[in-house]
Amino acid sequence: MDEETLKKCIKAGKIAAQVRREGAEKLAKPGTSFLEVMDHCEKRILQLGGQIAWAQMALNDVAAHFCPEEDDAQVSREGDLIKIDIGVHQEGYIADNAMTVQVKTKEHSELIKAAQNALRSAVKLVEPGRQLWELGEAQYSEAEALGFTTVKNLSGHTLEQYKVHAGVSIPAFNTKEKTQLKAGWQIAIEPFVTPGQGLIKEKGKATIFMVHKQGGARTPYARKILDEVKSQNGLPFTTRWLTRKFGKGPTALGLRELERTGILHSYPPLAEVSSGLVSQFEHSMIVSEKTKVYTRHEDDTW
Ligand code: CO
């Protein structure tokens with residue numbers, strides 16, 4: 001990786017870590033509006049000089065892929081377990097990071113600790129030549145040590161310019177995958193840990209979308225959406241960005257057309273199949289002999 005690219009990753013990472021911590025701190029207080037926190041995170045990314053890749057969150061047994069709509073009234077409540085996943089980019093070079101907080105309780109401390117341990121153990125192994133199964137095994141055994149398991153059908157991933165999932169998956173259990181990490185790879189490791197079965201499935205209405213392929217829009221509703229999200233360059237966008245500008249009806253019509261024609265893919269919330277609670281921690285890093293984690297905040301202990 002060249003100096004310029006590295007600088008962009010590091011800058012994006014600093015902002016992503018800061019915004020993640022700010023969002024997490026707010027969510028940990030009971031009565032906090034999800035909508036306000038996600039709006040705050042997006043605003044802060046821009047204020048700090050970053051570009052928004054995404055600001056997402058997920059509640060309790062939902063592992064990932066939730067964004068509040070413009071009129072979402074949900075607030076954090078005592079006993080909740082909340083994930084926040086923030087993506088920031090600099091000209092397409094992405095910092096992807098996530099953390100989990102519990103709201104006014106200590107009952108989820110072990111579940112949180114297990115995901116932190118899983119991430120820490122896997123990160124320690126990151127170096128050129130390391131086989132992917134080893135990273136999976138490290139995460140799984142940390143989860144198991146505290147009586148939990150990892151979510152098997154979610155994984156970390158390589159990152160490339162404007163690509164959130166650039167082709168290689170980093171498993172969260174021993175898949176026996178022998179592919180080796182290569183120097184210069186940009187990767188995100190993100191164990192999801194649960195006392196449940198360790199599997200997720202799509203559940204509920206999607207509020208997150210990505211442009212999957214180029215193509216024409218038939219209606220003005222669809223055309224406006226494509227124009228609006230062009231600047232994301234294939235990175236995710238969320239419904240409320242559109243409904244605030246075009247209204248709910250036109251947005252729904254446009255999204256429906258673009259999904260049907262395969263131009264957009266939707267990403268519904270991912271819930272644990274046995275309704276087990278899910279905790280998650282994630283860092284982005286560049287593989288080298290001295291691997292550089294570029295999303296670590298000074299207050300992170302993982
Ligand atoms: Co990720």
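Note that the coordinates shown come from a computational prediction; the quantities given were computed from them, not determined experimentally. Every number for a ligand or one of its atoms is a count from 1 in the order of the listing.
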From the N, O or S atoms in [X], identify the one nearest to the Co ion (ligand 1).
{"X": "Glu282", "answer": "OE2"}
{"X": "Glu190", "answer": "OE2"}
{"X": "His157", "answer": "NE2"}

Keeping Ser121 on the side-chain end and Ala118 on the backbone end, is there a donor-acceptor pair under 3.5 Å?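 Not a single qualifying donor-acceptor pair exists.
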Heavy-atom donor-acceptor pair, Asn174 side chain to Lys176 backbone, under 3.5 Å: yes
Please walk me through it: do Gln102 and Ser109 pass side chain to side chain donor-acceptor pair (under 3.5 Å)? CA-CA 8 Å; Gln102 52 189 339; Ser109 298; 2.9 Å; yes
Checking His89 against Tyr162 for the ring pair (Phe, Tyr, Trp, His ring centres under 6.0 Å) test, could you report, in this order, the C-alpha distance in whole Å, the side-chain angles of both residues, the deciding distance, and whether it holds? CA-CA 8 Å; His89 74 99; Tyr162 292 110; 5.5 Å; yes
When you measure from the Co ion (ligand 1) to the N, O or S atoms of Asp96, does any of those distances fall below 2.8 Å? yes
